[in-house]
Amino acid sequence: MGARIPVSESEYRLLERLVGRVEPGKPYTTEALARLTGLDRSQVEALARLLAEKGLLQLEERVSERYRLTEEAERYLREGFPEERLARLLAEHGGRMPVEEARRLLGGEFGIAMANASRKGWVRVESGEIVLAAEPPLVAEERRLLERLSRGERVSGDDLRMLRRRRLVEPVKEKATFITLEEPPEKLLGRVEVEVGALTRRMLETGEWRRVRLRRYNVAAEPPRLYPGRLHFFRQLIEHIRDVMKELGFVEVEEPPVELEFWNYDVLFQPQYHPARSPTDTFYLRQPREGEPPRELAEMVRRAHEEGLAGSRGWGYRWDPSRAARLILRSHTTAVSARVLAQRPRPPFRFFSIGRVYRVETVDPHHLPEFHQVDGIASEDGVSLRWLMGMLGELLERLGLREYRFRPAYFPFTEPSLEGYVRVGSQWLEVLGAGLFRPEMLAALGIDYPVAAWGMGIERLAMALYGLSDIRQLYSSDARFLSTIPSRWRLYAGAPV
Ligand SMILES: N[C@@H](Cc1ccccc1)C(=O)O
């Protein structure tokens, strides 16, 4: 007896189930075999492949071409072909209608409707009017053909070509696997031997282990590849910024994004008539509309805005407490810094917050109405604009941005103020604002030491780091795009990006 061919228990079972159910030499689809054996189709296919590799049966893939209706065709079948709609329209208007009116009523479809209807001899144009030339109801020949196709009936090659030209059908390839047994399954069973991958307790107890054949280990087999999930790269960057801020000795604070105008603007010495404080720039809450700014502090803020505090000049307008009480979505995380400062922390301190901020913007490659900022404040010996630039430089470098520069700027709440830019390709991108909080603002809070402050837009920074040209890419969940983004370890190790 020649050596038997080793098969697994499930392969053996498939052969067993084929006994008496298939004719040798006849091709069966996997669906057919699944029906005959009661196994599921993918299981039959997988097992048949293994048996085919061992030469026990023949497996053949055949590709067949079929035509399928396009979306346009489906729509025409439902709503009428353009020429049918034109004919119907004319019939409803006594068989004629001015060209311009038909054009208006049919809109974008008018052109094709006219072309097809004239070609078919359904209409003609007479002194500015379209006239129905054939007897309604007029049914497009294409409709009949498409209906036949969708019932699975055949149509002639010429008709198919015409339908394809009019983009009413498109070819689809269908793959089917055919399986043929050259010998009856009972004969095949005699040529195989079940091989097991593992010994079971039952085999040991019954002595069956002596009879079964044990599968050899294949030490050269490739282990399965695992592609574990990872954090979205933008999320990774936010976490990284958080880590870097902590490394720089900043302590994190958090506040909800729904904020009083008071903390977002008034405390920051931004006058109530400032254009940013209007529904064209800021999102105002409808429900609830208002909150309650702390009374004593509000009184100090009022004085700072109206007449000035501690030797400084105010803005000289009537400060409206009901404006300060309005609820908004914060427009910057500097609102969090304002809340922290109102606690009058004792220097030295360094605080930061990261969170979502909101501005009324139209979405385009550089703007989103909702984005992220990180804001920091610090007060310690030697805090100054120079200190601030040093600290910001350190921060940007730790984020992998080696090329940056600062420029004088204006913010209502800092003096002096500056803006920070980072280089992206040939461009300089503004990513941060910074400065020393104004004495007018600090006086209202009862603070008599200097406080350095800065705020940075994270989306902009991410675009620079990852070399993206469209801010919306940061919110992509397309796995294929995401897999093109380098992992944070490569990126922040300082590799040029
Ligand atoms: N809040 C400012 C940035 C800033 C923060 C702190 C100080 C100075 C500027 C902005 O959103 O643009």
Side-chain angles (χ1 to χ4, degrees), residues 238 241 245 248 250 252-253 255 257 259-271 274-278 281-283 328-342 345 349-361 366-379 383-393 395-396 404-422 428-442 444-445 447 449-464 471:
I238 291 176
I241 293 174
M245 291 309 300
L248 291 172
F250 284 79
E252 184 168 8
V253 275
E255 293 290 348
E259 189 53 284
L260 292 167
E261 269 200 63
F262 183 70
W263 294 110
N264 195 84
Y265 293 126
D266 294 288
V267 173
L268 291 168
F269 204 55
Q270 193 145 338
H274 193 286
R277 303 184 65 166
S278 81
D281 286 46
T282 299
F283 288 109
I328 58 168
L329 295 179
R330 68 181 173 213
S331 68
H332 53 183
T333 37
T334 317
V336 181
S337 302
R339 280 183 179 269
V340 174
L341 276 185
F349 61 76
R350 294 183 178 194
F351 291 108
F352 81 103
S353 66
I354 295 191
R356 291 172 190 257
V357 300
Y358 302 81
R359 290 180 197 177
V360 179
E361 300 272 13
H366 286 101
H367 298 91
L368 290 175
E370 180 187 48
F371 57 101
H372 292 76
Q373 281 190 335
V374 50
D375 253 79
I377 49 172
S379 184
V383 69
S384 65
L385 205 64
R386 174 184 288 265
W387 176 95
L388 188 56
M389 287 194 281
M391 201 280 302
L392 292 170
L395 169 61
L396 292 172
Y404 52 85
R405 64 186 185 203
F406 301 113
R407 205 168 85 164
Y410 171 81
F411 297 102
F413 35 94
T414 48
E415 178 59 36
S417 306
L418 56 85
E419 278 165 358
Y421 293 76
V422 297
W428 289 94
L429 200 65
E430 186 203 327
V431 293
L432 65 85
L436 300 177
F437 275 139
R438 293 178 83 110
E440 291 89 332
M441 168 198 158
L442 295 176
L445 295 170
I447 288 176
Y449 43 80
V451 179
W454 53 270
M456 187 160 77
I458 301 183
E459 274 77 357
R460 287 281 184 85
L461 198 83
M463 289 174 76
I471 196 165

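Indexing begins at 1, ligand by ligand and atom by atom, following the structure's order. Reckoned from all heavy atoms, side chains included, excluding hydrogens, waters and symmetry mates. In this chain, residues are counted from 1 in sequence order.
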Next on the checklist: Quick check on contacts: which atoms of ligand 1 are under 4.0 angstrom from a heavy atom of Gly455?
Outcome noted: 4 (C), 5 (C), 6 (C)
Checklist outcome for this item: Minimal heavy-atom distance between Trp454 and Leu388, with the atoms involved, is CD1-CD1, 3.8 Å
Checklist outcome for this item: Heavy-atom nearest pair, Val340 first then Pro345, reads O-CD, 3.5 Å
Checklist entry - Judged by non-hydrogen atoms, does Ala434 sit under 4.0 Å from ligand 1? => result yes
Checklist entry - Does ligand 1 have an atom that lies less than 4.0 angstrom from a heavy atom of Phe437? => result no
Item to check | Proximity to ligand 1 by part of Asp375, non-hydrogen separation under 4.0 Å | outcome: side chain
Checklist outcome for this item: Nearest heavy-atom contact between Leu385 and Gly435 is CD1-CA, 4.3 Å
Checklist outcome for this item: Any heavy atom of Ser331 under 4.0 Å from ligand 1? The part involved is neither
Checklist entry - Considering all heavy atoms of both residues, which atom of Ile377 and which atom of Phe250 are nearest to each other, and what is their separation? => result O-CE2, 3.7 Å
Checklist entry - What is the ring orientation for Tyr358 with Phe283, classed by angle as parallel under 30°, tilted 30 to 60°, or perpendicular over 60°? => result perpendicular
Checklist entry - At under 4.0 Å between heavy atoms, which part of Arg359 makes contact with ligand 1: side chain, backbone, both or neither? => result side chain
Next on the checklist: When you compare the side chains of Asp375 and Ser353, does any donor N or O come within less than 3.5 Å of an acceptor on the partner?
Outcome noted: no
Item to check | Check: Thr334 N/O within less than 3.5 Å of ligand 1 N/O | outcome: yes
Checklist entry - If you measure from each non-hydrogen atom of Trp454 to ligand 1, which part falls under 4.0 Å: side chain, backbone, both or neither? => result backbone
Next on the checklist: If the condition is side chain to side chain donor-acceptor pair (under 3.5 Å), which residues does Arg356 pass it with, not counting sequence neighbours?
Outcome noted: Glu370
Checklist outcome for this item: For atom 12 (O) of ligand 1, the closest protein heavy atom turns out to be Phe411 CE2, 3.9 Å
Checklist entry - For His332, which of Phe413, Trp263, Phe371 qualifies under ring pair (Phe, Tyr, Trp, His ring centres under 6.0 Å)? => result Phe413
Item to check | Proximity flag Gln373 to ligand 1, non-hydrogen atoms under 4.0 Å | outcome: yes
Checklist outcome for this item: Closest to atom 3 (C) of ligand 1 (heavy atoms only, candidates Ala453, Gly457, Gly433) is Gly433
